[in-house]
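Positions are given from 1 along the sequence. The analysis underlying the following values was restricted to heavy atoms, covering all of them including side chains, and did not include hydrogens, waters or symmetry mates.
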Amino acid sequence: MAEEQRDLISDRGSGVLRVTDTPRSALGRKAALSTLSILVALLIAGQAVTIYFVYQQSGQISKLTKTSQTLQLEALQRKLPASAKPVGKMRMAMVNTPLAMRVLPLAPSVGNMDTAPISNKTEDQVRHILLQADPRKMFPELNDNLMDNLKNLKKTMTALDWQAFESWMHKWLLFEMAKNPKQEERKAIPAEKG
């Protein structure tokens, strides 16, 4: 009889626990799953909104970058001396030719003014055009590296001619920089004191 009472008590206890725990745990699980799914949906929506705003801002940032580059270029141009600023039309100075061009002999193509330039290189084409305009123009022989050639030119040019040449080099550098807005890593070349 004691065994039967134990079996009944254990059956009632387990039956009671099963009946009362099952609806609560099922409702709790459903509530937890729905809450979790709502939180996940909110997180995904928040990420989508963030990505949308970041994408919008990147377009504005690129516009601001272009504008700041343009303003920096204009500021550099304003800092140039008055003689170096761009003029409506380019004029060649015919009066003060550099000393380097006066000292050296005439170019070999002066005798054949009616013939075409030696090659299709830009240098030969420009030389041909300049000699057609003035056959007395002389061009120095520059056979060293760039830095040595520039040093030799500076020694043979007047101060005004060298200043005009430096101004032209500065404009050329700005032009080259404007053509290639993505700057690669470049080694710094220290300036030499002369």
Side-chain angles (χ1 to χ4, degrees), residues 1-91 119-126 144-151 162-194:
M1 180 127 159
E3 285 181 22
E4 289 178 10
Q5 285 179 349
R6 281 188 216 152
D7 289 340
L8 285 175
I9 291 173
S10 68
D11 284 344
R12 280 187 185 171
S14 65
V16 170
L17 287 176
R18 287 184 194 145
V19 170
T20 58
D21 279 347
T22 305
R24 284 185 185 171
S25 67
L27 289 176
R29 286 183 189 139
K30 287 181 182 177
L33 285 175
S34 65
T35 304
L36 184 64
S37 63
I38 289 171
L39 286 174
V40 168
L42 286 174
L43 285 173
I44 291 172
Q47 291 294 323
V49 168
T50 302
I51 290 171
Y52 172 75
F53 284 119
V54 167
Y55 182 73
Q56 263 188 337
Q57 294 301 319
S58 70
Q60 292 176 355
I61 288 172
S62 66
K63 287 179 186 177
L64 287 173
T65 303
K66 287 179 185 176
T67 304
S68 80
Q69 287 175 346
T70 304
L71 290 174
Q72 286 175 348
L73 186 60
E74 288 175 3
L76 284 174
Q77 287 176 344
R78 280 188 221 121
K79 288 181 182 178
L80 291 175
S83 64
K85 289 189 179 178
V87 183
K89 291 183 179 180
M90 288 289 288
R91 295 182 206 137
S119 71
N120 202 22
K121 291 187 339 186
T122 305
E123 177 183 336
D124 292 333
Q125 296 287 330
V126 170
D144 296 329
N145 62 30
L146 175 65
M147 293 309 292
D148 290 338
N149 286 337
L150 288 175
K151 287 177 188 175
W162 179 253
Q163 187 178 12
F165 184 69
E166 278 185 329
S167 172
W168 173 83
M169 285 192 299
H170 183 257
K171 289 177 187 176
W172 174 81
L173 180 62
L174 290 175
F175 175 73
E176 288 297 318
M177 290 169 62
K179 285 192 328 188
N180 302 319
K182 291 183 180 179
Q183 293 293 324
E184 300 173 4
E185 284 190 30
R186 297 184 181 181
K187 291 183 180 178
I189 301 172
E192 293 182 15
K193 292 183 180 179

For Tyr55, what residues pass the side-chain hydrogen bond (donor to acceptor under 3.5 Å, both in side chains) criterion, not counting sequence neighbours? none
Residues at least two apart in sequence or cross-chain that pass side-chain hydrogen bond (donor to acceptor under 3.5 Å, both in side chains) with Lys151, listed by chain then number, are Glu192
For [X], which residues count as a side chain to side chain contact (heavy atoms under 4.5 Å, CB included) partner, sequence neighbours excluded?
{"X": "Gln56", "answer": "Tyr52, Phe53"}
{"X": "Leu174", "answer": "Leu73, Leu76, His170"}
{"X": "Gln60", "answer": "Gln57"}
{"X": "Lys121", "answer": "Ser119, Asp124"}

Over all atoms of both residues, closest heavy-atom pair of Ser34 and Ser37: O-OG, 2.8 Å
Determine, using ring centers only, whether Trp162 and Phe165 are less than 6.0 Å apart. yes
Tell me, do Ser167 and Lys171 make a side-chain contact under 4.5 Å, heavy atoms counted? yes
Checking the side chain of Asp144 only, and the main-chain atoms of Asn149 only, is there a donor and an acceptor separated by less than 3.5 Å? no
